[in-house]
Undergrad: 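Before I ask anything, let me first share the structure, which is written out below as structure tokens.
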Amino acid sequence: MHKYYLNHLQELEAEAIFVIREVVAQFDRPAILFSGGKDSIVVTHLARKAFAPAKIPLPLIHIDTGHNFPETMEFRDNLVKRLGIQLIVGSVQESINKGRVKEETGLNASRNALQTVTLLDTIEANKIDAAIGGARRDEEKARAKERFFSHRDEFGQWDPKNQRPELWNIFNGRKHQGEHFRVFPISNWTEMDVWNYIWKENIPIPSLYFAHEREAVYRDNTWMPVSEFLSLREGETIQKKLMRFRTLGDITITGGIESDADTLEKIVMEVAATRSTERGNRGDDKRSENAMEDRKKQGYF
Amino acid sequence: MATNTRELLRFTTAGSVDDGKSTLIGRLLYDSKSIFEDQIDAIRQSSERKGLAHVDLSLLTDGLRSEREQGITIDVAYRYFATPKRKFIIADTPGHIQYTRNMVTGASTANLALILVDARKGIVEQTCRHSYIASLLQIPHIIVCVNKMDLVDYSEEVFNKIVEDYTEFASKLDVTDIRYIPISALNGDNVVNHSEHTKWYHGATLLHELETIHIGSDYNHIDARFPVQTIIRPHSTEHHDYRGYAGRVAGGIFRPGDAVTVLPSGLTSTIKSIDTFEGSIKEAFAPMSVSITLEDDLDISRGDMIVKENNQAEVSQDLDIMMCWLNGKKLQPGSKFYLRQSASEVRSIVKEVLYKMDINQLQRIEDDKEIGMNDIARVKIRTTKPVAYDAYRKNRSTGSVILVDESTNETVAAGMIVE
């Protein structure tokens, strides 16, 4: 093997650090969109690496739906304290109070869709001109052609007809007044890469990702955690399960899977196994999880 | 599967409509088990609805087709799969619409190009065009997949004729590593598994080539180049005087103690340390992201390039460029642009169009110099400030530029510096 070579995780890391540094170099007020999920945790970790020994020169933005896992909030606050950086919270509850958005009602009510308004308001209020996110191209088809530097017009919208071609490693962050960019440093990572990297780097993640006992209800092919926001439907019963979450978002829309993976190594093995056996039997967990990811994306990206 | 030691191979697929490119990509994703059950279910059902006897793997990339119908710009879609040996990133460029623009974009980051040839048709105009672009973008490796071998009875003569024709054509190109594989993407012959039908073929399968082709030398490890992206100044008590130049090594190998020159200023110093989050390291090479500190306090800013004193890049305000125009708006004579190259940005003007390329005939067009979408042309550019660069042949990173329209901020052209 050639002596001067990087393995795939090292190369992906070098690429992501390069992209994050480009953001800080090209924009006046960039920020990291932090959801408390593994992808934004990895992005924050990469930002730390990009500017060491200095602090991360970026604030974290968290869009708070008010329906959070307490573990996520605790994790967020500890992280911000440890890194010594600013946290900007955009509150969906405030958007509701101000009449910017209307609370959904009904059995499937969720504040997920409302997040977009709060996010754009937060970006505008803080004059953020580049928001770094943890979205990946392997998440779904439409994301497969997203850019690293994704241009948003003055309404914060993405115009797929007007995407800038992105060549080599030259990123064009030029914009007009009022426009901003979303930037995705881990575009080229897959779910497997993210888990392998967390494992290799031993990055702290919320305990919710590890197998634990919790009360949950089986709904739409997934285990919904019991919380003050969950109302039982007819025929549903609360059960105690050894489970974990593969993605984290708003507690009202985040379902978990039955699992005994309580270490990073076991999680990596579990994700790898899920991938290779999915073809053989119907992966209902995975289906619901895709739907979950989609909803997450509508709100955040 | 949970290995951390895979290599990364980026490749682009070049093909036209109906050459089986979608099927081939679908086959690679499917046979490498990169497809989820729900995706397979969906295409199995669509295939049944269409009355097909087999699962149409080309439907896996169907998202693009429906988007096209809605009039959304489709350029490059990125797809991922991994085997125990390597992780692959496919830059999948659709065949016909704005072909040149898309393929140039996809090819810009690729180590390898897959070029599909329909066994029944042989080398056609499109094959030449794809190959020319691969050569122009200096993709180090080309694999020519002679597809649909099942439709020519897996004939060795047909395959050999195509290899012969392509080899002759390719002698006009600047590509050194070309391999040929007879395949049927539809049936999977020689894609992942050796085919029973081509006993006369003793070469590797496509996946085997993708997994083993040597890419360790694709980066230039000779000419040391470090474009400065940004400067790290912690302003903390612990690191009070720390001044690190952050960037990604674009070529060569840097070590502490190296005598370096900063371009374009020409200031000199010595590397004090090469730092990463994990600590200082003894060597940095492409494509690592690191920070470099110098022994002397110099005036260095974003866009400058640190090189070794005894091996310097070119510095000039006049650039000779092969340019691909990417925008619907034509090039207006005398228009000004921001020219971006590595981390630098300078204003520039296209002084002269020397000639346009007819990329089907590989001939120069000298009597029509109007440049529009998808045109490839040799141009002379003058910049307002000196730029440190290398010829694209020598370094794909320090030898590439983009032009940004000053009024719309759009990326309107991609360029490869000739010299």
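Below, chain A is the first sequence line, B the second, and so on; all start at residue 1.
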Undergrad: Of the listed residues (A:Ser187, A:Pro53, A:Gly173), which shares the most heavy-atom pairs with chain B below a 4.5 Å separation?
TA: A:Pro53
Undergrad: Does the pair A:Asp193 and B:Lys87 meet the rule for a side-chain contact (heavy atoms from CB on, under 4.5 Å), with working shown?
TA: CA-CA 10 Å; A:Asp193 295 330; B:Lys87 169 182 166 119; 2.2 Å; yes
Undergrad: Just so I understand: if I count every heavy-atom pair under 4.5 Å between each of B:Thr230, B:Ile232, B:Val401 and chain A, which residue has the most?
TA: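 Of the options given, most contacts go to B:Ile232.
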Undergrad: Under 4.0 Å between a side-chain nitrogen and a carboxylate oxygen: does that hold for B:Glu345 and A:Arg174?
TA: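 Yes, this pair counts.
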Undergrad: Using side-chain contact (heavy atoms from CB on, under 4.5 Å) as the criterion, point out the one residue from A:Lys49, A:Glu201, A:Glu13 that pairs with B:Phe277.
TA: A:Lys49
Undergrad: Check whether B:Ile215 gets within reach of chain A through its side chain, its backbone, both or neither, counting any heavy atom under 4.5 Å.
TA: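 Contact with chain A involves no heavy atom of B:Ile215 at all.
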Undergrad: Classify the side-chain pair B:Glu283/A:Tyr4 by whether it contains a donor and acceptor separated by less than 3.5 Å.
TA: yes
Undergrad: Name the region of A:Ala16, side chain, backbone, both or neither, that has any atom closer than 4.5 Å to a heavy atom of chain B.
TA: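 For A:Ala16, no heavy atom lies under 4.5 Å from chain B.
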Undergrad: Answer yes or no: does atom NE2 of A:His176 have more than 12 heavy-atom neighbours from other residues, nucleotides or ligands under 6.0 Å?
TA: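 For A:His176, atom NE2 is crowded (more than 12 foreign heavy atoms under 6.0 Å).
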Undergrad: Does any heavy atom of chain B fall under 4.5 Å from the side chain of A:Arg147, the backbone, both, or neither of them?
TA: side chain
Undergrad: Is chain B contacted by the side chain of A:Lys55, its backbone, both, or neither, given a heavy-atom distance below 4.5 Å?
TA: neither
Undergrad: B:Thr408, B:Val249, B:Thr276: which one forms the most heavy-atom pairs within less than 4.5 Å of chain A?
TA: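 It is B:Thr408.
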Undergrad: Looking only at side-chain N and O atoms, does A:Asn188 offer a donor or acceptor that is under 3.5 Å from a partner on B:Tyr80?
TA: yes
Undergrad: Could you walk me through whether A:Leu167 and B:Leu326 pass the side-chain contact (heavy atoms from CB on, under 4.5 Å) check?
TA: CA-CA 11 Å; A:Leu167 297 105; B:Leu326 309 170; 3.7 Å; yes
Undergrad: Report which part of A:Glu15 has an atom under 4.5 Å of a heavy atom belonging to chain B: side chain, backbone, both, or neither.
TA: both
Undergrad: What part of B:Tyr242 gets within 4.5 angstrom of chain A, counting heavy atoms only: side chain, backbone, both, or neither?
TA: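 For B:Tyr242, side-chain heavy atoms alone lie under 4.5 Å from chain A.
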Undergrad: Select one option (side chain, backbone, both, neither) describing which atoms of B:Ser301 are under 4.5 Å from chain A's heavy atoms.
TA: neither
Undergrad: Quick one, A:Trp168 and B:Leu137 - any side-chain contact, counting heavy atoms below 4.5 Å?
TA: yes
Undergrad: A:Glu11 vs B:Arg6, test: salt bridge (Lys or Arg N to Asp or Glu O under 4.0 Å). Steps then yes/no.
TA: CA-CA 10 Å; A:Glu11 190 169 337; B:Arg6 289 182 194 132; over 6 Å; no
Undergrad: In terms of heavy-atom proximity below 4.5 Å to chain B, should A:Asn169 be classed as side chain, backbone, both, or neither?
TA: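 Only the side chain of A:Asn169 comes within 4.5 Å of chain B.
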Undergrad: Please classify the contact of A:Glu166 with chain B as side chain, backbone, both or neither, using a heavy-atom distance under 4.5 Å.
TA: backbone
Undergrad: Please classify the contact of B:Ser400 with chain A as side chain, backbone, both or neither, using a heavy-atom distance under 4.5 Å.
TA: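 Both backbone and side chain.
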Undergrad: Should the pair A:Glu22-B:Arg302 be classified as a salt bridge under the 4.0 Å nitrogen-to-oxygen rule?
TA: yes
Undergrad: Identify which part of B:Arg86 has an atom lying under 4.5 Å from any heavy atom of chain A, answering side chain, backbone, both or neither.
TA: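 Contact with chain A: none, neither part.
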Undergrad: What part of B:Val412 gets within 4.5 angstrom of chain A, counting heavy atoms only: side chain, backbone, both, or neither?
TA: neither
